[in-house]
Amino acid sequence: MRVLTGLQPSGDLHIGNYFGAIKQMIEAQNENEMFMFIANYHAMTSSQDGEKLKQNSLKAAAAFLSLGIDPNKSVFWLQSDVKEIVELYWILSQFTPMGLLERAHSYKDKIAKGLNASHGLFSYPVLMAADILLFNTQIVPVGKDQIQHVEIARDIALKVNNEWGEIFTLPQAKVNEEVAVVVGTDGAKMSKSYQNTIDIFATEKILKKQISSIVTNSTALEEPKDWQNCNVFKIAKLFLNESEQKALQDRYEKGGEGYGHFKMYLNELISTYFNDAKKEYERLLSNPHEIDDVLQMGAKKAKEQAQKTMQKIYDKIGL
Ligand code: ADP
Ligand code: TRP
């Protein structure tokens, strides 16, 4: 299957992103033809600070590479290195009814949150449709908030195909229902907008601070503790196999250890799990040319596919 996903270069990745999305992406590389890119054009809708965008794109690329995106298995590039995307975006705009975009929840939500109602933000789904359709994508793995965008891409593809024949593959959104929501330090869904995250690439000091802020109850140290409703346990579980989970449950039930001990254990689990990725992340960031080379190699492969699609369209639109 041809699977495509765009990754926003916005902020630091947290363990909710990892267990909710990245881990599955890494695993999917073995069975699918994966196309993955850093969506820096999309990020411009929320910030136009060039230096920040450049840095964030570099950091995002380093993060995904160090966590296991393999540029030899997957096509991995920086969105803006394949300019055909914006060209297709404009052509697709001619096939996009205003009403289709006016119904987009994501746009309405962002306006409600105070973002400027710019044309860029409004037409964001058309750019996303271009990303998807340019590469003959079959499957787009998404969080629930992005399903409508994939449906918009499909609607646009149908309109074009009706007019010009079978140009585009019809994409399908795939939501991974099996993935459990990872809780944040306050027990709500972990999300950068709630400031309750535990970040994958945090320094030791920040990691410690984030873990110590996990909300627990006030059961006394010597008392048995309720692991089922404990946020520390819920997070630690992600890193443990069945027998390790059982061992931790026993420690809770036995009493004699406080939440501080469990938090220390969680700290160790997280540090160990991401230790190699963290080292690789730091190494890549101090060798930005290496990141550029990898992205350029990906862009070259992506461009080949993009040009094939554009060739079919140039004729039709008179270019
Ligand atoms: P955030 O809520 O921090 O802004 P994003 O919306 O950027 O995160 O999510 C990026 C990806 O990570 C999506 O696929 C989303 O489903 C997944 N994800 C984010 N937070 C969680 C979470 N707490 N549990 C599981 N998956 C998550
Ligand atoms: N809009 C997506 C998000 O906010 C990112 C994205 C851009 C994307 N283009 C895409 C996702 C194409 C899937 C396919 O997460």
Side-chain angles (χ1 to χ4, degrees), residues 2-26 28 34-46 56-57 60 63-64 67 75-80 82 85-86 88-89 92 104-107 109-110 113 115 120-121 123-154 156-157 169 171-200 210 231 234-235 237-238 302 306:
R2 171 75 55 91
V3 181
L4 174 136
T5 187
L7 311 157
Q8 287 261 14
S10 45
D12 296 320
L13 293 172
H14 54 72
I15 61 175
N17 297 140
Y18 182 77
F19 288 101
I22 302 170
K23 193 162 177 262
Q24 288 76 8
M25 263 164 46
I26 307 293
M34 300 286 286
F35 277 56
M36 293 182 264
F37 60 92
I38 308 292
N40 60 337
Y41 280 140
H42 280 98
M44 288 171 194
T45 57
S46 42
N56 281 349
S57 299
F64 287 105
L67 288 169
V75 183
F76 181 58
W77 76 100
L78 182 66
Q79 188 183 27
S80 60
V82 180
I85 286 168
V86 242
L88 181 59
Y89 155 76
L92 294 182
H105 305 302
S106 170
Y107 174 73
D109 290 352
K110 284 175 182 165
K113 277 190 198 145
L115 263 83
L121 193 61
S123 64
Y124 179 115
V126 189
L127 184 62
M128 184 157 157
D131 293 328
I132 295 171
L133 301 178
L134 195 53
F135 301 102
N136 293 338
T137 307
Q138 292 167 294
I139 302 287
V140 187
V142 283
K144 289 204 174 70
D145 60 320
Q146 297 290 320
I147 299 175
Q148 195 187 22
H149 287 162
V150 182
E151 285 166 355
I152 292 175
R154 201 182 159 89
I156 297 174
T169 304
Q172 190 116 46
K174 188 176 153 225
V175 184
N176 193 344
E177 298 286 358
E178 287 156 34
V179 169
V181 169
V182 175
V183 298
T185 53
D186 57 357
K189 180 189 172 197
M190 187 178 288
S191 169
K192 55 182 171 292
S193 33
Y194 305 152
Q195 286 159 1
N196 63 355
T197 61
I198 297 178
D199 296 333
I200 301 175
Q210 290 179 332
N231 294 324
K234 285 180 192 165
I235 300 171
K237 209 174 128 188
L238 298 164

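Counting starts at 1 for both ligands and their atoms, in listed order. Both backbone and side-chain heavy atoms feed into the values below; hydrogens, waters and symmetry mates do not.
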Exercise answer: donor-acceptor pairs, residues 18-26 side-chain atoms, under 3.5 Å, sequence neighbours excluded:
| from | atom 1 | to | atom 2 | distance (Å) |
| --- | --- | --- | --- | --- |
| Y18 | OH | Y273 | OH | 3.4 |
| Q24 | OE1 | A21 | N | 3.4 |
| Q24 | NE2 | F19 | O | 3.2 |

Query raised in the report: A129 and L92: which non-hydrogen atoms are nearest, and at how many Å?
Result: C-CD1, 3.9 Å
Requested in this report: Can you see which heavy atom on P9 is nearest to which on N56, and at what distance?
Outcome: O-CB, 3.1 Å
Requested in this report: Give a yes or no on whether the backbone of N40 and the side-chain of Q79 come within a donor-acceptor separation of less than 3.5 Å.
Outcome: yes
When you pair each N or O of ligand 1 with protein N or O atoms, which pairs come out under 3.5 Å?
| from | atom 1 | to | atom 2 | distance (Å) |
| --- | --- | --- | --- | --- |
| ligand 1 | 2 (O) | S191 | OG | 2.8 |
| ligand 1 | 3 (O) | H14 | NE2 | 2.7 |
| ligand 1 | 3 (O) | K192 | N | 2.7 |
| ligand 1 | 4 (O) | K192 | NZ | 2.9 |
| ligand 1 | 7 (O) | K192 | NZ | 3.1 |
| ligand 1 | 8 (O) | N17 | ND2 | 3.4 |
| ligand 1 | 9 (O) | N17 | ND2 | 3.4 |
| ligand 1 | 12 (O) | N17 | ND2 | 3.1 |
| ligand 1 | 20 (N) | M190 | O | 3.3 |
| ligand 1 | 23 (N) | V182 | O | 2.9 |
| ligand 1 | 23 (N) | M190 | N | 3.4 |
| ligand 1 | 23 (N) | M190 | O | 2.9 |
| ligand 1 | 24 (N) | V182 | N | 2.9 |
| ligand 1 | 26 (N) | G16 | O | 3.3 |

Report task. Search all heavy atoms of I235 against all heavy atoms of G184 and return the closest pair with its distance. Result -> CD1-O, 4.3 Å
Query raised in the report: Under the 3.5 angstrom rule, does the side chain of T197 hit a backbone N or O of D199 as a donor-acceptor pair?
Result: no
Report task. Identify the two heavy atoms, one from T169 and one from T137, that lie closest to each other, and give their separation to 0.1 Å. Result -> CG2-O, 3.6 Å
Query - Counterpart residues, side-chain hydrogen bond (donor to acceptor under 3.5 Å, both in side chains), relative to D186 (two or more places apart) - result: N196
Contacts table for ligand 2: protein N or O within a distance under 3.5 Å of ligand N or O, distances only.
| from | atom 1 | to | atom 2 | distance (Å) |
| --- | --- | --- | --- | --- |
| ligand 2 | 1 (N) | Y124 | OH | 2.7 |
| ligand 2 | 1 (N) | Q146 | OE1 | 3.0 |
| ligand 2 | 4 (O) | Q8 | NE2 | 3.2 |
| ligand 2 | 4 (O) | Y124 | OH | 3.2 |
| ligand 2 | 4 (O) | Q146 | NE2 | 3.3 |
| ligand 2 | 9 (N) | D131 | OD2 | 2.8 |

Query - Residue pair K144 / V175, side-chain heavy-atom distance below 4.5 Å - result: yes
